[in-house]
Structure formats: C-alpha cells, structure tokens
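Below you'll find the structure, written out as structure tokens, and then a few comments.
Each chain gets a letter, A, B and so on, in the order its sequence line appears, and its residues count up from 1.
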2 protein chains.
Amino acid sequence: MNRPTEPYTARKPSRIQTRNRKRILEAALDVFSVEGYRGATLDQIAQAAGLSKPNILYYFEGKEAIHVTLLNHTMETWLEPLHRLDPAGEPLEELLRYIRRKVEMSREYPRESRLFANEILQGAPRMRPHLEDGLKPLVDEKAALIARWVEQGRLAPVEPRHLIMSIWATTQHYADFEAQIAVLMPEGDVWDDALAHVETMFRKLLAPRPD
Amino acid sequence: MNRPTEPYTARKPSRIQTRNRKRILEAALDVFSVEGYRGATLDQIAQAAGLSKPNILYYFEGKEAIHVTLLNHTMETWLEPLHRLDPAGEPLEELLRYIRRKVEMSREYPRESRLFANEILQGAPRMRPHLEDGLKPLVDEKAALIARWVEQGRLAPVEPRHLIMSIWATTQHYADFEAQIAVLMPEGDVWDDALAHVETMFRKLLAPRPD
DNA sequence: TCGTGCCTTGACCAATTGGTCAAAAGCCTG
DNA sequence: CAGGCTTTTGACCAATTGGTCAAGGCACGA
C-alpha cells in the first residue's frame with residue numbers, strides 16, 4: 001500500500017486526493033482549534049470530514065502530521081501582513097495598516113488564531129523550530145525597521161518588540177477569547193468597535209507628536 | 001467509605017486532608033495549565049502530587065471536580081484587582097494602578113493565567129455560568145464607572161469594555177504566550193520592559209489631554 | 001470491457017485513561 | 001494498647017484512542 005503521502009511518491013495528486021486532503025484539513029482545523037492537540041480525536045476529525053478513520057490515516061501519516069500541516073500553513077497566512085510592512089512607506093500609516101489587517105484576520109480566521117494560541121499555550125512543542133526559523137528572523141527585521149523609524153523621529157519612542165507583542169495581543173484577543181467576549185459585550189458589532197478602539201490606541205501611542 | 005468531599009460531610013478537614021488537597025491542587029495547576037483539560041491525565045497529576053491515583057480520587061470526586069475547583073479559586077484571585085478600582089480615586093491613577101497590578105499578576109501567576117486561557121479558548125465549557133454570574137456583573141459595574149469618568153472629562157474618550165479587554169489582552173499575553181516571547185525577546189528583563197511599555201501605552205490612551 | 005492500481009473500510013489491536021473496590025495500613029483516642 | 005476512624009493502595013475494569021491490515025470497491029486508461 002503506497003501512501004500518497006510517502007515522501008518518494010512524487011506523483012502529482014489526483015483530484016480525489018486534493019479534495020479529500022482539503023476536507024480533512026478543514027475538519028481538523030475545526031476540531032484542533034477548540035479541543036487542542038490532545039483533546040482532539042481522529043474519530044471527531046473523521047466524522048467532521050465525512051470520511052472513515054482509516055481513510056484519514058490513508059491521507060496523513062498520523063494525527064501529528066495533520067496538526068503540523070495545519071500549523072505550518074497557518075503560520076504563513078499569519079505572518080504575511082507583517083512581511084508587507086514597507087520600509088519605504090510612511091511609518092504611522094504602515095503600522096496602522098498592519099494593525100487593521102490583523103484585526104481583519106482575527107475576524108476572518110478565528111479558528112487559525114485559536115489553533116496557534118493552543119499550540120503556544122502548551123509551550124509550542126510541535127512548533128518551536130518553526131518559530132526560531134520563520135518567526136524570529138522576521139520579527140528581528142521588522143523590529144529593526146521600527147527602531148530606525150523611532151530614531152528618525154517619525155514615530156514616538158517605543159520598544160519595537162513590545163509594540164509588536166501588544167499589537168498581536170490586542171488583535172488576537174478578540175478571536176482567542178471569543179467565548180468571554182460573547183458573555184461580556186453587549187450585542188452589536190463588537191468587531192467594528194474593536195477596530196476603532198485598537199486603532200485609536202495605537203495611533204495615540206505612535207503619533208510622533210501628540211495630536 | 002465516606003469521602004471527605006461528600007457534601008454532607010461537614011466535618012472540619014483534618015490536617016492530612018488540608019495538606020493533601022493543597023498538594024493535589026498545586027500539582028493539578030501545573031498539569032492543567034500546560035496540557036489543558038483533556039490533555040491532562042490523573043496519572044500525571046498523581047505523580048506530580050506524589051500520591052497514588054486512587055488516593056487523588058479519595059480527595060476529589062473526579063478529574064472535573066479538581067479542574068472546577070482550580071478554576072473557581074483562580075477566578076477570585078484574578079478579579080480581585082478589578083474590584084479594587086476605586087470610584088473615589090483619581091481616574092488615570094486608578095487605572096494605571098490596576099494595569100500595573102495586572103502585569104504583576106501575570107508575572108507572579110502565569111500558570112493561573114494559562115489555566116484560564118485554556119478554558120476560554122475551548123469555549124469555557126466548564127465555566128460559562130461562573131462568567132455570567134461572577135465576571136459579567138463586575139465588568140458591567142466597572143465599565144459604567146469608567147464611562148462616568150469619561151463623561152466628566154477626567155479620561156480621554158474611550159469605550160470602557162474595549163479598554164478592559166485591551167488591558168487584559170496586553171497583560172495576560174506575557175504569561176499565556178510565554179513560549180513565543182522566550183523565542184522572540186532578547187535575554188534580559190522582559191517583564192520590566194513590558195511593564196514600562198504597557199504603562200506608556202495606556203497613559204497615552206487615557207490621559208484627558210495629550211501631554 | 002477489463003484489469004490494474006487507487007481508494008475505502010470493517011474488524012481488530014495494544015496502550016492509555018478515568019474510575020472502582022476491597023483490603024491493608026496508619027493514626028488517634030479512650 | 002485496643003478499637004474504630006481515616007487514609008492509602010494494588011488489582012482490576014470498561015471505554016476510548018491512535019493506529020494496522022487485509023480484503024473489497026471503484027475509476028479509468030488501454
């Protein structure tokens with residue numbers, strides 16, 4: 001039985017393979033993002049995907065392989081906006097655009113945000129290398145850029161890495177703690193207010209001179 | 001076999017009971033806070049507590065009972081600083097004191113923060129009632145207080161609930177995402193810088209007139 | 001249409017897990 | 001130091017879980 005996932009099976013994937021792998025990942029995202037890695041079961045994933053458990057194992061080497069695939073894919077999507085931070089742009093506008101995009105992403109991909117949060121909460125056991133190789137260099141680069149902007153007086157003085165942390169914290173919070181938000185916030189467009197609040201917050205923090 | 005935990009056993013707990021229940025809760029906090037509810041096992045907890053598994057079950061009705069006990073206890077500690085927000089105080093100073101205390105707590109009780117985060121991430125299945133009864137009224141009350149302060153022009157205009165969210169988000173982030181912070185931050189006193197950063201951030205956001 | 005190789009699954013397995021129980025071991029008090 | 005309680009545990013159990021496997025179903029090119 002040659003698994004389609006075996007490394008040396010370089011065949012291009014059939015239509016069925018493409019469809020089913022996508023189904024599985026979609027279902028697994030649903031399950032992992034709320035249950036965490038250990039909390040999720042292959043049976044849950046199989047049922048959510050509408051496939052039998054052995055069939056899931058036909059497409060992926062195992063539970064962990066599914067999780068890792070999901071994590072890596074998410075990581076790319078997640079970092080893309082930070083990549084876009086443009087050294088040639090106007091500092092405040094660049095950062096506000098980044099922040100706005102991050103809020104959008106929390107609204108649009110809450111499952112991905114929670115998947116990630118779960119992994120980090122548990123000490124990033126399946127992702128530490130990826131953090132070192134993928135995330136750290138990018139953050140170092142952008143932190144340096146922000147530091148330059150500050151030196152040039154085009155942003156209020158701010159510790160770049162902590163700025164980035166607080167942007168992530170405030171934006172992802174709305175996705176990760178949705179269950180809490182649902183209880184505390186009055187009905188209505190939480191997201192619009194959230195966007196306005198976060199934007200005000202960072203505008204005031206970063207404006208080179210107080211408005 | 002009369003369990004000491006049975007409701008109608010109103011006996012005051014023996015010295016051994018007090019000691020062992022404390023041990024178990026301490027061990028369980030270690031385990032639950034990194035593994036989440038489903039990820040944690042009674043064996044892990046038993047081993048961490050230095051007790052046998054059946055002995056754990058002698059002191060608590062079951063896995064869930066331990067988790068709930070921990071959650072409820074944590075919730076109190078967690079909310080105490082918000083309770084202290086004083087209507088008679090100077091608004092900006094009151095809020096900054098609250099924020100400082102929250103940073104302290106994330107530094108001092110990261111496990112509690114993660115325990116809580118895990119529960120909320122998973123949709124707060126074992127805590128929703130407690131959120132409604134305990135958390136919501138308090139937040140409503142303090143949000144009203146902040147709204148009053150804003151009306152009186154003693155704080156910059158801000159949506160109170162979102163302010164509270166962003167305080168929680170920024171402060172707890174340092175505990176909950178510690179694994180990520182460890183990778184991204186250069187060695188040194190992350191916490192001191194974090195405190196300074198967060199304080200600046202909210203000072204600028206809240207100061208009734210720009211400094 | 002036929003067969004070859006891709007896809008699917010029922011049955012099964014070993015390990016883990018939350019929990020039970022009866023008996024043994026401490027421990028305290030009269 | 002005896003008797004009755006509290007505490008502790010080894011042995012056990014049923015359910016769940018990740019994973020295997022051989023056999024059957026199916027699609028599609030020749």
Using whole Å, report how far [atom1] of [X] lies from [atom2] of [N].
{"X": "A/L51", "N": "C/dT9", "atom1": "CG", "atom2": "P", "answer": "7 Å"}
{"X": "B/Y59", "N": "C/dG19", "atom1": "OH", "atom2": "C1'", "answer": "18 Å"}
{"X": "A/Q47", "N": "C/dT9", "atom1": "CD", "atom2": "C1'", "answer": "16 Å"}
{"X": "B/R21", "N": "D/dT7", "atom1": "CZ", "atom2": "P", "answer": "11 Å"}
{"X": "B/R19", "N": "C/dC27", "atom1": "CZ", "atom2": "C1'", "answer": "12 Å"}
{"X": "B/R15", "N": "D/dT7", "atom1": "CZ", "atom2": "C1'", "answer": "14 Å"}
{"X": "B/I56", "N": "D/dT9", "atom1": "CD1", "atom2": "P", "answer": "10 Å"}
{"X": "A/I24", "N": "C/dT8", "atom1": "CD1", "atom2": "C1'", "answer": "12 Å"}

Under 3.5 Å between N/O atoms: give me all the protein pairs with nucleotides 15-18 of chain D, atom names plus distance.
{"residue": "D/dT17", "atom": "OP1", "partner": "B/R38", "partner atom": "NH2", "Å": "2.9"}
{"residue": "D/dG18", "atom": "OP1", "partner": "A/A40", "partner atom": "O", "Å": "3.1"}
{"residue": "D/dG18", "atom": "OP1", "partner": "A/K63", "partner atom": "NZ", "Å": "3.0"}
{"residue": "D/dG18", "atom": "OP2", "partner": "A/L42", "partner atom": "N", "Å": "2.8"}
{"residue": "D/dG18", "atom": "N7", "partner": "A/K53", "partner atom": "NZ", "Å": "3.0"}

Give a yes/no on whether any side-chain N or O of [X] is located under 4.0 angstrom from OP1 or OP2 of [N].
{"X": "A/Y58", "N": "C/dC7", "answer": "yes"}
{"X": "A/N55", "N": "C/dC7", "answer": "no"}
{"X": "B/Q17", "N": "D/dT6", "answer": "no"}

Kindly say whether the aromatic ring centers of A/Y98 and A/H83 come within a distance under 6.0 Å. no

Is it the case that atom [atom1] in [X] sees more than 12 heavy atoms from other parts of the structure closer than 6.0 Å?
{"X": "A/E80", "atom1": "CD", "result": "yes"}
{"X": "B/Q47", "atom1": "CD", "result": "no"}
{"X": "B/R19", "atom1": "CZ", "result": "yes"}

Are A/R126 and A/Y37 in a cation-pi contact, defined as NZ or CZ under 6.0 Å from the six-membered ring centre and within 45° of the axis? yes

Checking A/R21 against A/F60: charged group under 6.0 Å from the ring centre and within 45 degrees of the axis? yes

More 5' along DNA chain C: B/P54 or A/N20, using each one's nearest nucleotide? A/N20

Over 60° means perpendicular and under 30° means parallel, so classify the ring planes of A/W78 and A/Y109, tilted if in between. perpendicular

